[in-house]
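Small disclaimer: the values here were computed from a predicted structure and weren't measured.
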Amino acid sequence: MAVEKWNDPIHVGFENTGARTILGPLDALKCLADLWPSARGLRYLKARSTCRAALDGRKTVEEARAEFVAAAEEAKLKVH
């Protein structure tokens, strides 16, 4: 399993825990599992799947980044 990083980290604001910086697919998976407001939604599921695929080398890390951002927007989280 490769520990890949995104070219541009993502800063996500959570209501209860404050902002977190997500550096790559592994961080994103931890965030989706531990901090996400709801483990539902099409984008949430797709982000989880794409991040796993990126870690396995089946998708690019930038594809995983795009899906993670889409999931954050779906969950109405602040992304910057």
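Proximity of I22 to P9: side-chain heavy atoms (C-beta onward) are nowhere separated by under 4.5 Å.
Two different hydrophobic clusters hold L29 and L23 under the rule that ILVMFWY side chains link at heavy-atom gaps under 4.5 Å.
Not counting sequence neighbours, R40 has no partner by the salt bridge (Lys or Arg N to Asp or Glu O under 4.0 Å) test.
Considering all non-hydrogen atoms of both residues, W36 and A75 come closest at NE1-CB, 3.8 Å. Shown here for P37 and F14, the closest heavy-atom pair between the two residues is CD-CE2, 4.5 Å.
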List the atom pairs, donor and acceptor, that lie under 3.5 Å between side-chain atoms in residues 44-55 and the rest of the protein, sequence neighbours left out.
| residue | atom | partner | partner atom | Å |
| --- | --- | --- | --- | --- |
| Y44 | OH | L32 | O | 3.4 |
| T50 | OG1 | K46 | O | 2.8 |

Atom pairs and distances, side-chain donor-acceptor, residues 58-68, under 3.5 Å, sequence neighbours left out:
| residue | atom | partner | partner atom | Å |
| --- | --- | --- | --- | --- |
| R58 | NH2 | D56 | OD2 | 3.2 |
| T60 | OG1 | E63 | N | 3.0 |
| T60 | OG1 | E63 | OE1 | 3.3 |
| E62 | OE2 | N7 | N | 3.1 |
| E63 | OE1 | T60 | N | 2.8 |
| R65 | NE | D8 | O | 2.8 |
| R65 | NH2 | D8 | O | 3.1 |
| E67 | OE1 | R43 | NH1 | 3.2 |

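Sorted by first and then second residue, the side-chain hydrogen bond (donor to acceptor under 3.5 Å, both in side chains) pairs involving residues 21-31 (not counting sequence neighbours) are H11-T21. Residue pairs meeting the salt bridge (Lys or Arg N to Asp or Glu O under 4.0 Å) criterion with at least one member in residues 12-24, sequence neighbours excluded, do not occur. Identified under the salt bridge (Lys or Arg N to Asp or Glu O under 4.0 Å) test for residues 71-80, with sequence neighbours left out: none.
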